[in-house]
Amino acid sequence: MNHQYTYHTIINSHDTDARGMVKPSAVLKYMQEAANLQLSVSKPSSDDLRAENRYFVASKISFTIYQPLYSWDEIDVSTWGCESKGAIFNRCSKIERNGELCAALSSAWALLDAENGAILRVADVSFDFGTEPALQPELPLKVRIPKELPLHLVGERTVMYADVDLNRHMNNTVYPDMLFGFVNDHTDKQVRSVSINYLHEAPDGVTFKVYENSFADLSYFRTILPDGNIGVEAEFRYTPLEQMD
């Protein structure tokens, strides 16, 4: 039995960048929307969880863009739960265009009980959507910034209305485009793979610092919240533009 959930859609032209390619955050949004749709028709559903004041938060994501997507491309977006244990819920997703794999995602999530701040365990909730084998991400889910690589302050970012979700913090899908925006030279590279570890939420109105360093085809990022906690750590891998056409 196939436990994947798939929806068919057309790329929104507003999701493309100055080169006409779909932006990394938009690629992530299409795949996470598949997960939201599956959860909306599952038991317990997203509405059921919300009624109990429970919600998923991203812990780690890693996704790769194998083929660029363009305005009005017709795509099939699939998602599935993977074998999970402890307090980590694993999920994978993919985007295909005419049967060709264009993007793939591996992710790990925590399920929070907002009433008491507890992190629920996999054994505490029984979802009915089943599981499928996990994908192996190109960049590991665990971001490891080399100790010998100094990160430099490249700017600050204030969390604003357009960034937040129902939980009133910067949504995880905002980070890829936001972080890539702090890279000096965008003219000769395109994002291929992104791995982000979400360590502490960035609430609405908070201003955090962004640290970065790039070399060869890689960039590393770290955000620091006003209380000194690390918000996210991330690794990006790039592909020369001529290889994406």
Side-chain angles (χ1 to χ4, degrees), residues 1-10 12 15 25-63 75-96 103-137 141-142 159 161-176 194-204 231-232:
M1 180 178 179
N2 187 341
H3 296 289
Q4 294 185 16
Y5 178 97
T6 301
Y7 79 101
H8 184 82
T9 191
I10 298 174
N12 188 323
D15 287 335
S25 279
V27 173
L28 180 59
K29 288 176 182 178
Y30 283 110
M31 291 188 283
Q32 289 201 4
E33 184 63 10
N36 292 335
L37 288 169
Q38 183 177 43
L39 192 56
S40 73
V41 298
S42 301
K43 288 295 179 183
S45 68
S46 49
D47 287 341
D48 294 333
L49 293 175
R50 193 173 297 116
E52 297 178 349
N53 214 7
R54 296 176 171 181
Y55 59 92
F56 279 105
V57 294
S59 174
K60 300 178 179 67
I61 64 159
S62 181
F63 68 96
I75 58 173
D76 293 298
V77 190
S78 301
T79 189
W80 59 96
C82 306
E83 183 177 353
S84 303
K85 61 182 179 179
I88 296 296
F89 294 79
N90 296 307
R91 174 167 289 275
C92 291
S93 302
K94 64 181 179 179
I95 297 175
E96 295 176 303
L105 165 76
S106 297
S107 59
W109 298 77
L111 182 58
L112 300 185
D113 187 330
E115 290 290 342
N116 54 24
I119 298 177
L120 300 174
R121 300 181 65 81
V122 172
D124 295 332
V125 186
S126 180
F127 291 99
D128 66 358
F129 44 67
T131 63
E132 292 284 328
L135 299 173
Q136 295 302 313
L141 275 173
K142 175 64 175 177
V159 182
Y161 165 80
D163 302 321
V164 300
D165 51 28
L166 285 171
N167 301 319
R168 306 299 299 178
H169 64 255
M170 182 175 278
N171 186 268
N172 74 88
T173 63
V174 174
Y175 284 92
V194 177
S195 182
I196 304 178
N197 293 176
Y198 302 90
L199 303 174
H200 291 91
E201 297 174 349
D204 191 8
V232 302

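Just so it is clear, the values below take in all heavy atoms, side chains as well, and ignore hydrogens, waters and symmetry mates.
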So how far is it from L28 CG to I196 CD1, rounded to the nearest 0.5 Å?
-> 7.5 Å
Roughly how far, to the nearest 0.5 Å, is the OG atom of S107 from the CE atom of M31?
-> 9.0 Å
Kindly confirm or rule out a cation-pi arrangement of R91 over F129, judged by NZ or CZ under 6.0 Å from the six-membered ring centre and within 45° of its axis?
-> yes
Check: S25 side chain, T173 main-chain N or O, donor-acceptor pair, under 3.5 Å | yes
Closest heavy-atom pair and its distance - S45, S40 = CB-O, 3.7 Å
Output, in order, the C-alpha distance, side-chain angles, deciding distance and verdict of side-chain contact (heavy atoms from CB on, under 4.5 Å) for V232 and L199.
-> CA-CA 6 Å; V232 302; L199 303 174; over 6 Å; no
W80 side chain to P133 backbone, donor-acceptor under 3.5 Å = yes
Option among N172, L39, N167, L120 that satisfies the side chain to side chain contact (heavy atoms under 4.5 Å, CB included) test with F56 | L39
Minimum-distance pair of heavy atoms, taken over all atoms of L135 and S106 | O-OG, 3.1 Å
Rounded to the nearest 0.5 Å, how far does CZ of F127 lie from CG of D48?
-> 9.5 Å
List the steps, then state whether side-chain contact (heavy atoms from CB on, under 4.5 Å) holds for Y30 with Y7.
-> CA-CA 10 Å; Y30 283 110; Y7 79 101; 3.8 Å; yes
Is there a donor-acceptor pair closer than 3.5 Å between any side-chain N or O of D128 and the backbone N or O of K43?
-> yes
Which heavy atom in V125 sits nearest to a heavy atom in L111, and how many Å separate them?
-> CG2-CD2, 3.7 Å
What distance do S93 atom OG and L105 atom CG have between them, rounded to the nearest 0.5 Å?
-> 5.0 Å
Within the side chain of S78, is there an N or O that forms a donor-acceptor pair under 3.5 Å with the backbone of K94?
-> no
Could you tell me whether a side-chain N or O of T79 sits under 3.5 Å from a main-chain N or O of Q4, the two making a donor and an acceptor?
-> no
Under 3.5 Å: donor-acceptor pair, side chain of E132, backbone of H3 = yes
Roughly how far, to the nearest 0.5 Å, is CG of N36 from NZ of K29?
-> 12.0 Å
Taking every heavy atom of S62 against every heavy atom of L141, the minimum-distance pair comes out as N-CD2, 3.6 Å
Are any side-chain N or O atoms of D163 and backbone N or O atoms of M170, one a donor and one an acceptor, separated by less than 3.5 Å?
-> no
All heavy atoms of Y55 vs all of A114, minimum pair found to be CE2-CB, 3.7 Å
Run the side-chain contact (heavy atoms from CB on, under 4.5 Å) check on I88 and V122 step by step: do they pass?
-> CA-CA 7 Å; I88 296 296; V122 172; 5.9 Å; no
CG of D165 to CG of D204: how many Å apart, nearest 0.5 Å?
-> 10.0 Å
Which atom names give the shortest non-hydrogen contact between V57 and E201, and what distance separates them?
-> CG1-OE2, 3.7 Å
Is there side-chain contact between Y5 and S42, with heavy atoms separated by less than 4.5 Å?
-> no
